[in-house]
Amino acid sequence: MKGLAGKTALITGASSGIGQAIAIRLAEEGCNIGINYRSNLEEAKHTEQIALQKAQAAGKNIKTLIVQGDVSKEEDVLRMVNSTIETFGSLDILINNAGIQTESPSHEVTTENFDRIIGVNLRGPYLCARETIKHFLATEKAGVIINVSSVHEIIPRPMYISYSVSKGGMGNLTKTLALEYADRGIRVNAIAPGATITPINESWTNDAEKKAIVESHIPMGRAGTSDEVAATVAFLASDDAAYITGQTLFIDGGLTLYADFREAWSA
């Protein structure tokens with residue numbers, strides 16, 4: 001992708017799943033990468049190892065940084081962003097990927113659980129974006145922020161009220177920041193994956209019957225892959241997307257096209 005080689009990207013929640021795939025893809029494109037993890041250092045090291053291998057195979061010479069941090073904690077975000085800038089001398093791309101979810105009837109969700117999920121999924125991306133934008137403005141340089149949202153930015157998700165609320169908020173976070181800083185050369189976009197084969201979705205990806213049920217609602221008839229999501233992120237982060245800001249790009253095999261209406265059921 002145009003303009004990615006030599007840039008520095010910080011990816012939150014990069015130790016597995018979509019975050020890992022994004023880190024690896026950006027490394028292949030020649031980006032130096034900051035690999036954030038919250039609790040599993042070994043997984044983060046595994047991401048780093050694969051990223052370096054892929055970059056070398058692509059003929060790219062990159063640097064990496066593994067940085068621990070819980071994005072819901074302001075002190076961790078400050079340390080994480082500052083460490084990235086100090087290590088690489090700059091920060092050009094922020095990927096807000098870290099996220100969590102829990103299942104519970106909405107009337108049984110505790111305040112503590114609700115706040116925890118909002119803290120990681122929405123407050124965290126804001127804090128990371130805030131500190132990154134400060135760097136962009138201080139250095140008078142263009143920059144890119146990409147928020148990893150979900151189809152549940154627009155599709156209600158019963159039993160996951162806090163997750164749905166956080167992703168709905170992420171859509172507006174994306175648009176607000178994009179509008180506010182567009183004239184400063186700062187582009188802010190989001191991606192919204194649908195059903196994707198990742199460790200967080202093992203409850204259905206490893207169960208043939210459940211997987212078939214999920215895929216029956218997808219017009220393309222299959223779940224997506226982390227690599228497909230990462231490819232879209234690489235595009236949005238690149239100069240090939242230089243005129244795109246404030247958008248949420250849905251990567252969902254048509255899930256948001258109301259698949260259950262494929263056949264007319266009314267006159």
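Values in this document were obtained by computation on a predicted structure and should not be read as measured data.
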Flag yes if more than 12 heavy atoms outside [X] fall under 6.0 Å of its [atom1] atom; otherwise flag no.
{"X": "K45", "atom1": "NZ", "value": "no"}
{"X": "Y126", "atom1": "OH", "value": "no"}
{"X": "Q53", "atom1": "CD", "value": "yes"}
{"X": "N61", "atom1": "CG", "value": "no"}
{"X": "E108", "atom1": "CD", "value": "yes"}

Is there a side-chain contact between [X] and [Y], using heavy atoms and a 4.5 Å cut-off?
{"X": "L52", "Y": "I62", "answer": "yes"}
{"X": "H46", "Y": "Q20", "answer": "yes"}
{"X": "M80", "Y": "V71", "answer": "yes"}
{"X": "S150", "Y": "M170", "answer": "no"}
{"X": "D252", "Y": "I218", "answer": "no"}
{"X": "H135", "Y": "I85", "answer": "yes"}
{"X": "Y181", "Y": "L137", "answer": "yes"}
{"X": "T64", "Y": "T47", "answer": "no"}

Rounded distance [0.5 Å steps], [atom1] in [X] versus [atom2] in [Y]:
{"X": "H152", "Y": "Q101", "atom1": "NE2", "atom2": "CD", "answer": "8.0 Å"}
{"X": "D76", "Y": "D70", "atom1": "CG", "atom2": "CG", "answer": "6.0 Å"}
{"X": "I22", "Y": "T232", "atom1": "CD1", "atom2": "OG1", "answer": "9.5 Å"}
{"X": "N97", "Y": "I191", "atom1": "CG", "atom2": "CD1", "answer": "7.5 Å"}
{"X": "F250", "Y": "I155", "atom1": "CZ", "atom2": "CD1", "answer": "7.5 Å"}
{"X": "Q247", "Y": "R187", "atom1": "CD", "atom2": "CZ", "answer": "11.0 Å"}

Donor-acceptor check, side chain of [X] to backbone of [Y], threshold 3.5 angstrom: yes or no?
{"X": "N121", "Y": "I100", "value": "yes"}
{"X": "K60", "Y": "G6", "value": "no"}
{"X": "S164", "Y": "R157", "value": "yes"}
{"X": "D240", "Y": "F235", "value": "no"}
{"X": "K73", "Y": "G69", "value": "no"}

Inset, instruction - Carefully, step by step, assess T174 and S149 under the rule side chain to side chain contact (heavy atoms under 4.5 Å, CB included). - result: CA-CA 10 Å; T174 299; S149 185; over 6 Å; no

Please report the shortest heavy-atom distance between [X] and [Y], naming the atom on each side.
{"X": "A51", "Y": "A23", "value": "CB-O, 4.5 Å"}
{"X": "I118", "Y": "S162", "value": "CD1-O, 3.6 Å"}
{"X": "T248", "Y": "A192", "value": "CG2-CB, 3.7 Å"}
{"X": "M1", "Y": "E29", "value": "N-OE1, 2.6 Å"}
{"X": "R25", "Y": "A231", "value": "NH1-CB, 3.4 Å"}
{"X": "N189", "Y": "I244", "value": "ND2-O, 2.9 Å"}

Is [Y] reachable from [X] through a run of I, L, V, M, F, W or Y residues, each pair having side-chain heavy atoms under 4.5 Å apart?
{"X": "V67", "Y": "I93", "result": "no"}
{"X": "I11", "Y": "V229", "result": "yes"}
{"X": "V188", "Y": "I251", "result": "no"}
{"X": "I145", "Y": "L91", "result": "yes"}
{"X": "L26", "Y": "F88", "result": "no"}

Inset, instruction - Tell me, with the steps shown, if R79 and E75 meet salt bridge (Lys or Arg N to Asp or Glu O under 4.0 Å). - result: CA-CA 6 Å; R79 175 175 48 78; E75 60 271 23; over 6 Å; no

If the threshold is 4.0 Å, N to carboxylate O, is there a salt bridge linking [X] and [Y]?
{"X": "K141", "Y": "D92", "value": "yes"}
{"X": "R116", "Y": "E112", "value": "no"}
{"X": "E131", "Y": "K134", "value": "yes"}

Inset, instruction - Linking directly or through intermediates, with side-chain heavy atoms under 4.5 Å: list the remaining ILVMFWY members grouped with M159, chain and number order. - result: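 The other cluster members (ILVMFWY side chains, heavy atoms under 4.5 Å, direct or chained) are Y160, Y163.
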
Could you verify whether a donor N or O on one side chain and an acceptor N or O on the other, from [X] and [Y], lie under 3.5 Å apart?
{"X": "D227", "Y": "T225", "value": "no"}
{"X": "S15", "Y": "N40", "value": "no"}
{"X": "N113", "Y": "S104", "value": "no"}

Inset, instruction - Decide side chain to side chain contact (heavy atoms under 4.5 Å, CB included) for V144 and L236; before the verdict, give the C-alpha distance in whole Å, the side-chain angles of both, and the deciding distance to 0.1 Å. - result: CA-CA 8 Å; V144 173; L236 285 175; over 6 Å; no

